[in-house]
Structures are given as structure tokens and as C-alpha cells.
Amino acid sequence: MLRMENCRKVYDEQTVLEHCSLELASGSILGLIGINGAGKSTLLHCISGAIPVDEGTITWKEQPVLDHPEVKQKIFLVQDEPVFAQTENARELIEYLSLFYPALESELFYDLLSQLKLNPKQPFSAFSKGMKRQVLMAAGLAAHPELLLIDEVFDGLDPFARRLLQGQLAAQTVEEGMASILTSHRLSDLENFCDEYALLDEKRILHQNSMFQTQQELVKVHLAFDHPIDPTMFQDFEVLKLEIHSRMAQAILRGSHDEVEAKLRKQKPVILEIFDCTLEEVFLAQLEKREELQ
Ligand SMILES: Nc1ncnc2c1ncn2[C@@H]1O[C@H](COP(=O)(O)OP(=O)(O)OP(=O)(O)O)[C@@H](O)[C@H]1O
């Protein structure tokens with residue numbers, strides 16, 4: 001279990017994380033979302049132990065990460081910018097990483113590279129950005145970490161590489177109980193792959209929820225009436241987003257599909273359609289709601 005409690009991180013004079021807490025169980029895949037500059041990369045770096053927090057604690061299986069190499073070697077961070085620790089090619093990289101990650105399985109690394117059609121002896125300088133990311137993700141998986149952190153997870157990967165690496169990550173999650181935190185601005189990638197998501201906003205985790213729970217708790221509705229809509233009809237709902245155009249409305253409401261439908265039917269709409277929310281809609285609605293409250 002990852003436990004991050006009440007953490008604060010300050011760069012120079014800028015506070016990036018404050019009262020930031022997060023928990024993640026083994027065998028879970030968490031999608032970390034937030035606007036540009038929210039602090040997602042900083043959060044992953046702090047969890048990996050690469051940079052210290054100024055306040056608070058971060059533990060993996062009850063052991064502090066910072067200054068504990070035996071804990072750090074169970075956590076692998078794939079950064080958004082390719083970093084190869086001055087190695088020239090994939091073969092050198094995996095030899096270097098095997099010094100730090102005792103569980104690293106070189107055969108798995110070379111197998112993934114072969115499926116990705118990447119030559120381990122070819123210099124990184126001759127690789128494209130996407131090819132470099134493939135190498136690092138393959139290395140992260142081959143290290144068999146207990147906690148894998150991937151920044152900008154599938155961004156820039158071609159569909160074949162994405163499917164292969166997703167499949168391997170899913171297999172290690174199920175077979176080894178590996179936990180993962182993935183960031184991406186392509187929320188559809190996370191939605192289809194993660195068990196839960198966390199929204200990083202205003203320097204802390206504002207929401208953490210399972211994907212399933214979110215879909216049970218929030219719905220999108222399209223409504224039409226034969227008369228102009230009075231906004232007070234939504235006063236019994238917790239409204240995350242509401243747009244009224246005369247006789248028609250679109251809304252994101254808190255409640256299960258059945259609850260929302262039963263309440264809205266009493267208003268006798270001409271049209272009532274209820275949909276599951278996408279993660280992108282949940283994200284935007286939560287940010288808009290926060291703007292409204294400020
Ligand atoms: N090494 C650093 N020194 C000083 N400030 C930094 C450093 N790294 C990040 N920051 C600042 O911290 C804030 C959060 O940056 P971070 O990269 O963690 O955000 P992010 O959510 O990952 O952004 P993006 O989605 O754009 O990648 C930004 O304001 C950034 O300028």
C-alpha cells in the first residue's frame with residue numbers, strides 16, 4: 001500500500017503541493033489527472049523518492065521511501081522526458097538499471113524490444129521520441145517494480161506499442177500485484193485502463209474515486225420540455241454542470257442513473273436521455289464547479 005500523507009513540496013518560493021494525500025493498494029492502477037502545471041510530475045518524483053518533500057510522509061508498505069534504497073528499488077519512475085543516465089543504447093541501459101533493480105528481468109526487456117522491433121545496440125541518438133519512450137517503458141516493466149509510476153503514459157506511442165505495453169502492464173498488475181500511477185492528458189486512455197482516478201488540483205488531491213463509483217455517482221442528462229425551463233427544477237439535485245437553452249437542458253448531476261431518472265420523470269419532460277459520464281466530462285465539470293465556488 002502506498003500512503004502519502006499531508007505532503008508539501010516547495011520549489012524555490014513556489015508551493016506546488018500542500019496538504020497532499022493519496023493512497024493506493026497493490027494491484028491497482030490509478031490515473032492521475034490535472035491541468036498543465038498542477039504538479040503531477042512533481043508528485044510522481046516525490047513518491048519515487050527522487051526528490052524530497054518538505055513536509056509530510058510517503059511510505060510504501062509502511063516503510064518510508066526517502067533515503068531508503070531498499071524501498072526505492074521497488075519503485076520505478078518513467079519520466080515524461082527520456083532520461084538514460086548517460087548510457088548509449090538499450091543494452092547499456094538495462095545493464096545499468098540491473099545494478100539498482102534486483103528483480104529486473106533482462107529477458108523480458110529484450111523480448112519486449114524485439115516485439116517493438118527496436119535494436120538494443122542502436123544508439124539512442126538515432127531513436128525517435130516515441131522509440132525512446134518505448135525503451136523506458138519496457139525497462140520499467142522489466143524491472144518488475146511493486147509500484148510503477150509513468151508520466152504521460154501512452155502519449156506519443158503508436159497503437160501497436162500502446163497495446164503491447166498496456167497488455168504487459170495489465171498482466172503484471174494481475175499476476176504480480178504491481179500497483180501503478182499513470183498520468184496523461186488523454187483522459188480516454190486512462191478511463192479505459194485504470195481502476196481509479198485522482199484529480200490533482202489546488203496543490204492537493206481533490207478527489208480520488210474508483211472509475212466504477214464515479215460512473216455510479218455522476219450522470220449526464222439531456223432534457224427537453226414543451227415550455228421554457230425554470231432552473232429551480234434542479235434545486236433538489238447536486239449539479240456539477242448545467243446549460244439551459246430555453247426548452248432544452250444538458251446537465252451533469254450527482255446521483256445514480258435510476259435516482260436521477262425517477263426525479264426528473266416527475267417534471268414530465270418530452271425528452272429525457274441519461275448517459276454515463278466520460279472521465280473528461282467529470283474532470284471538466286469538477287474544475288468548472290471549483291471555479292464557480294471561488
Ligand atoms: N525543478 C523545478 N524547479 C522549479 N519549479 C518547478 C520544477 N519542476 C516543476 N516546477 C514547477 O512546479 C509546477 C508543477 O510542475 P509539474 O511539472 O509537476 O506539473 P504537471 O502537472 O506535471 O504539468 P504538465 O501536465 O504540464 O506536465 C509548475 O509551476 C512548474 O513550473
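We count ligands from 1, going down the list as the structure has it; atoms in each ligand are counted the same way.
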> Where does the angle between the aromatic ring planes of Phe237 and Phe234 fall among parallel (under 30°), tilted (30 to 60°) and perpendicular (over 60°)?
Replying inline: tilted

> Can you pull the residues with any heavy atom under 4.0 Å from ligand 1?
Replying inline: Tyr11, Gln14, Val16, Ile35, Asn36, Gly37, Ala38, Gly39, Lys40, Ser41, Thr42, Glu152, His185

> Going by distance alone, is a donor N or O of one side chain under 3.5 Å from an acceptor N or O of the other, for Ser28 and Asp195?
Replying inline: no

> side-chain contact (heavy atoms from CB on, under 4.5 Å) with Thr173: which residues, sequence neighbours excluded?
Replying inline: Ile29, Leu169, Met178

> Please, which pairs that meet ring pair (Phe, Tyr, Trp, His ring centres under 6.0 Å) have at least one residue in residues 150-171, sequence neighbours excluded?
Replying inline: Phe154-Phe193

>> Are more than 12 heavy atoms, taken from residues, nucleotides or ligands other than Glu70, located less than 6.0 Å from that residue's CD atom?
In response: yes

>> Using the side chain to side chain donor-acceptor pair (under 3.5 Å) criterion, which residues pair with Asn209? Sequence neighbours excluded.
In response: Glu217

